[in-house]
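Input: a single structure, listed below in structure tokens.
Computation of the quantities below employed the complete heavy-atom set of this structure, encompassing side-chain atoms and omitting hydrogens, waters and symmetry-equivalent molecules.
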Amino acid sequence: METNNNILSPIVHGHWRLADWNLSTQQLLSLTKSCMEMGITSFDHADIYGDYQCEALFGEALKNEASLRSEIQIITKCGIKLLSDKFPHRRLKIYDYSYEHIVSSVEQSLKNLKTDYIDLLLLHRPSPFFNPEEAAKAFSMLKEKGKVLHFGVSNFLPMQFEMLQNYCDMPLITNQVEISPLCLEHFENGNMDFFLKEKIQPMAWSPLAGGRIFNPKTEQEKRVHDALWEVAQELDHNAIDIVAYAWLLQHPAGIVPIVGSGNIDRIQAAVSAQEVQMSLEQWFAIYNAAKGEELP
């Protein structure tokens, strides 16, 4: 089976908060090129990010240097319909995975991003109302037309992934889920075992737990913060984010962290983590700190 290792860079730059970075088009272009120089060539979007603004911001930056498009991979997501001033007729937030909505979302993303293809399209969240035949039909058409090259999901459980895969005539190549030293959910719900079984590399959103590893408040956060610092000192590092990224990167599932920062130093920390080798004891020291107990 094709894995996302063939498609994505080992670290992905996430644009969830792109609109909050207040970058000019030229500044965003410069940041993108700096990422590329560090080996980050994959950029993560969703149609809804920034109240439906972020894709277009990135598209404007790319327009200024169109030759970059062939050197990068664009990821985007669809399926969530937000309450927004852009859609005043909506009464509540829903998930829509109809053929029509998936196709129209992709068409809008292509327009926003000023490109004629998306490298990887993800269904954003599992839905209690979901017809896999509709999604698979949309995937097939988009693949046949060359508008989307690869497909995957986000926040799906193993059974949900298998259910959709059973209807698709192409492999789903990834599942983007929350993984961090403060979020062990996917070590406990069967997903990590499923990734290894199916040779699917997960993408990890919020790999620094939304910054909570830096400013601990709960008992768990304090334990993890202290464990990260202890391992950092043992490894002769002075940054716990490097250690947190290394903790993810070292896992045999081939976790691909998404760095959602516009700060070049924060991005560099993730890149630097690729060179860090921690011992199995150090890895479990962080895991145990998150659990609050030793292994049984």
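- At most 12 heavy atoms of other shown residues, nucleotides or ligands fall within 6.0 angstrom of atom CH2 in Trp16.
- A donor-acceptor pair under 3.5 Å links the side-chain atoms of Glu221 to the main chain of Lys217, judged by distance alone.
- Checking Asp44 against Gln176 by side-chain atom types alone, a donor-acceptor pair falls below 3.5 Å.
- At least one donor-acceptor pair closer than 3.5 Å links the side chain of Asn191 to the backbone N or O of Phe156.
- A cation-pi arrangement, defined by a distance under 6.0 Å to the six-membered ring centre and an angle within 45 degrees of its axis, is present between Arg266 and Phe214.
- Other residues, nucleotides and ligands contribute only 12 or fewer heavy atoms inside 6.0 Å of the CG atom of Asp85.
- Considering only heavy atoms from C-beta on, Leu62 stays 4.5 Å or farther from Leu113 through its side chain.
- Side-chain atoms of Trp247 do not come within 3.5 Å of backbone N or O of Ile286 as any donor-acceptor pair.
- One N or O on the side chain of Thr174 and one on the backbone of Gln201 form a donor-acceptor pair closer than 3.5 Å.
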Run the numbers on Met170 and His150 for side-chain contact (heavy atoms from CB on, under 4.5 Å), then give the verdict.
CA-CA 8 Å; Met170 76 287 289; His150 304 282; over 6 Å; no

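- A distance of 9.0 Å separates OH in Tyr287 from NE2 in His251, rounded to the nearest 0.5 Å.
- Ion pair Lys63/Glu60 flagged as a salt bridge, since at least one NZ, NE, NH1 or NH2 atom sits closer than 4.0 Å to an Asp/Glu carboxylate oxygen.
- The backbone N or O of His101 sits nowhere less than 3.5 Å from a side-chain atom of Asp96 that would complete a donor-acceptor pair.
- Panel note: side chain Arg69, backbone Ala66; no donor-acceptor pair is recorded below 3.5 Å.
- Ring geometry for Trp283 against Phe187 counts as perpendicular: the plane angle is over 60°, on a 0 to 90° scale with 30° as the lower cut.
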Before giving the answer on side-chain contact (heavy atoms from CB on, under 4.5 Å), spell out for Asn175 and Met203 the whole-Å C-alpha distance, their side-chain angles and the decisive distance to 0.1 Å.
CA-CA 6 Å; Asn175 187 0; Met203 300 171 68; over 6 Å; no

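- At distances below 3.5 Å, at least one donor-acceptor pair connects side-chain atoms of His13 with backbone N or O atoms of Ser261.
- Not one N or O on the side chain of Gln250 forms a donor-acceptor pair closer than 3.5 Å with the backbone of Gln277.
- A salt bridge links Lys291 with Glu188; the closest basic N to acidic carboxylate O contact falls under 4.0 Å.
- Between Asp47 and Thr76, the side chains place no donor N or O within less than 3.5 Å of an acceptor N or O (distance only, hydrogens not considered).
- No more than 12 heavy atoms of other residues, nucleotides or ligands lie within 6.0 Å of CE in Met159, so this atom counts as exposed by the packing criterion.
- Considering Leu157, Leu184, Val177 in turn, Leu157 is the only one that fulfils the side-chain contact (heavy atoms from CB on, under 4.5 Å) rule with Asn189.
- The 12-atom threshold is not exceeded at CZ of Phe129, counting heavy atoms of other residues, nucleotides or ligands nearer than 6.0 Å.
- With hydrogens and angles disregarded, no donor-acceptor distance shorter than 3.5 Å links the side chain of Arg90 to the backbone of Lys93.
- In this structure, CG in Leu249 is found 4.5 Å from CD1 in Ile11, a value given to the nearest 0.5 Å.
- Ser206 and Ser180 share no side-chain donor-acceptor pair at under 3.5 Å.
- Here the side chains of Phe194 and Met192 are not in contact, with every heavy-atom distance at 4.5 Å or above.
- For Asn155 and Trp205, the side-chain atoms include at least one donor-acceptor pair closer than 3.5 Å.
- Proximity of Tyr117 to Ile74: side-chain heavy atoms (C-beta onward) are nowhere separated by under 4.5 Å.
- Between the side chains of Tyr49 and Lys77, at least one donor N or O lies within less than 3.5 Å of an accepting N or O.
- Within the 4.5 Å cutoff, no side-chain heavy atoms of Asp116 are placed close to those of Lys147.
- Remark: the backbone N or O of Leu82 is paired with a side-chain donor or acceptor of Tyr52 at under 3.5 angstrom.
- Thr41 and Glu71 share no side-chain donor-acceptor pair at under 3.5 Å.
- Atom CD of Glu230 is surrounded by 12 or fewer heavy atoms from other residues, nucleotides or ligands within 6.0 Å.
- If you check the side chains of Asn166 and Glu162, you find no donor sitting under 3.5 Å from an acceptor.
- Contact of the Ile40 side chain with the Val12 side chain is not registered, since no non-hydrogen atoms from C-beta on lie closer than 4.5 Å.
- Between the side chains of Ser109 and Glu55, at least one donor N or O sits under 3.5 Å from an acceptor N or O.
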